[in-house]
2 protein chains.
Amino acid sequence: MARQAGSQGAETAERARRAALSLFARHGYAAVSMREIAAETGVGAAALYNHFATKQDLLTELMVKHLEALLAAWDAEPEAAAETEPRAALAAFARFHLRFHAARRDAVFVSTMELRSLDQPNFHRVERLRRAWEDRMEAIIRRGAEAGIFRAPEPRIATMALIGMLTGVTNWYRPAGRLPASAIEALHVEMTLSALGAAMTGDDACSPHP
Amino acid sequence: MARQAGSQGAETAERARRAALSLFARHGYAAVSMREIAAETGVGAAALYNHFATKQDLLTELMVKHLEALLAAWDAEPEAAAETEPRAALAAFARFHLRFHAARRDAVFVSTMELRSLDQPNFHRVERLRRAWEDRMEAIIRRGAEAGIFRAPEPRIATMALIGMLTGVTNWYRPAGRLPASAIEALHVEMTLSALGAAMTGDDACSPHP
DNA sequence: ATTGACAATGAACGACCGTTCGTTTCTATC
DNA sequence: GATAGAAACGAACGGTCGTTCATTGTCAAT
């Protein structure tokens, strides 16, 4: 049996992508073999090479697809517009970041942990996309800081710190945990704004420029 | 030449630990071979087994040693006392966390990224230590929240968020960067307190209980 | 009906893996 | 000076790795 009736190449490739993403997230790129990915895909190891030139290309493709989807999805949000009031924009960004990442935990995990597994050209390609995401947030913070709404003397540092905080949720959040995702989301949005001295709850009168 | 004059076993073991830490941090546990570690140590691969039973044991030892040193060092700090005023305690904790981690970037990287490479018994051992560190911070936040000094309705969530923010610095901080470590440290201590509505700079009169 | 691209197969390649083994050399102790 | 143990060596073991290859069955277009 060399080719199953009704099977399509694109479907196999997609199954392989899903299998690889799950396995890479659980065990790490280097610890997963093409044979394991193939088995999870329901195919022989050699068949993978009809869809991906190398294991490295497969990893790169997963990361690039994820980051491009992230950027495109945010840019389509109404709050991504440059005219949005900084507090509202930052809150929306934090909420979007948390939701998007919660829905794709494997992809986030792989995209942040396996950067070191990329060879140089692929690394630069992925790094450019990651940087683009950080720049989206930095632009909001910079806008708010210049308007005196955020206390952020170094917008770049604040960006990295807050992205670290938001992305870190993926490392410990479990859907079966004590609190629902919505509560964790609300708490983090609150902390994000608070960290820049622009809390929207509690003593609101205390923001630098009320 | 089977044994070099003047070479001592303990020194070789320590060189091997350093080599392994550096290689694991750069390429990941699974991607590094015992032969590479041995070469960096200046020894044959077989010699490593005079000091470590398995590769897995070597990784575990690195993590346990790091986390135990972290806990012991913090517990020796004066601000770790339960009587310390919460704002001062949290500021000291954040500063300590940043400094300790900045000085041991490889160990931090390995200890947080390679948890998945541990088999179950080793994982639990390391996880208990990691949890102990989180509990140190949570105790401070809980104390401050109960005293009305921190705005933290869920101390556990705040702990995880802030530890994520502080630990994340290791991922992007470079000593040759634009800002000195002291500036990054100050900004993060400030954001840590701010996130809980207890900033010590700027509009200090705004903290819930002045 | 024939063709050609596609998508799969099992077998194989050379390289490298963690680990073990028997041996050798050095150091410390009596 | 003999001896025991520590610490190194080179070689080897069985296994797995990413990838390639020749082949084969299937489908769509001619």
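- For the pair A:Arg104 and A:Phe100, the cation-pi test (distance below 6.0 Å, angle within 45°) is passed.
- Proximity note for A:Ala46 (side chain, C-beta onward) versus D:dT20, D:dC9, D:dC17: the nearest is D:dT20.
- Taking atom NZ of A:Lys55 as the reference point, atom C1' of C:dC16 lies 13 Å away to the nearest angstrom.
- For the residue pair A:His97 and A:Trp133, a side-chain donor N or O sits within less than 3.5 Å of a side-chain acceptor on the partner.
- A straight line from CD of A:Glu11 to C1' of C:dC6 spans 15 Å, rounded to a whole angstrom.
- Of all the heavy atoms in B:Leu193 and B:Arg87, the pair that sits closest is CD2-O, 3.8 Å.
- Between A:Ser33 and D:dT16 there is no side-chain polar atom (N or O) within less than 4.0 angstrom of OP1 or OP2.
- Regarding B:Phe52, its CZ atom lies at a distance of 18 Å from the C1' atom of C:dT20, rounded to whole Å.
- Atom P of nucleotide D:dG18 and atom CZ of A:Arg35 are separated by 7 Å, given to the nearest angstrom.
- The interatomic distance linking A:Gln56 (CD) with D:dG18 (C1') rounds to 12 Å, in whole Å.
- When each of A:Leu115, A:Leu118, A:Asn122 is checked for a side chain to side chain contact (heavy atoms under 4.5 Å, CB included) with A:Glu127, only A:Leu115 meets the rule.
- Here C:dT20 presents its P atom at 11 Å from CG of B:Asp57, a figure rounded to the nearest Å.
- Among C:dA7, D:dA8, C:dG18, the nucleotide with an atom closest to any side-chain atom of B:Tyr49 is C:dG18.
- Atom-to-atom, NE2 of B:His51 to C1' of C:dG18 comes out at 17 Å; the value is rounded to the nearest Å.
- Between the side chain of A:Asn50 and the base of C:dA8, a donor-acceptor pair under 3.5 Å is found.
- Of all nucleotides listed (C:dT9, D:dT19, C:dC17), C:dT9 comes nearest to the side chain of A:Ala47.
- Side-chain contact annotation: B:Arg151 with A:Ser194, donor-acceptor N/O pair under 3.5 Å present.
- Atom P of nucleotide C:dT9 and atom CE of A:Met34 are separated by 14 Å, given to the nearest angstrom.
- Considering only side-chain N and O atoms, A:Thr12 lies nowhere under 4.0 angstrom from the phosphate OP1 or OP2 of C:dA7.
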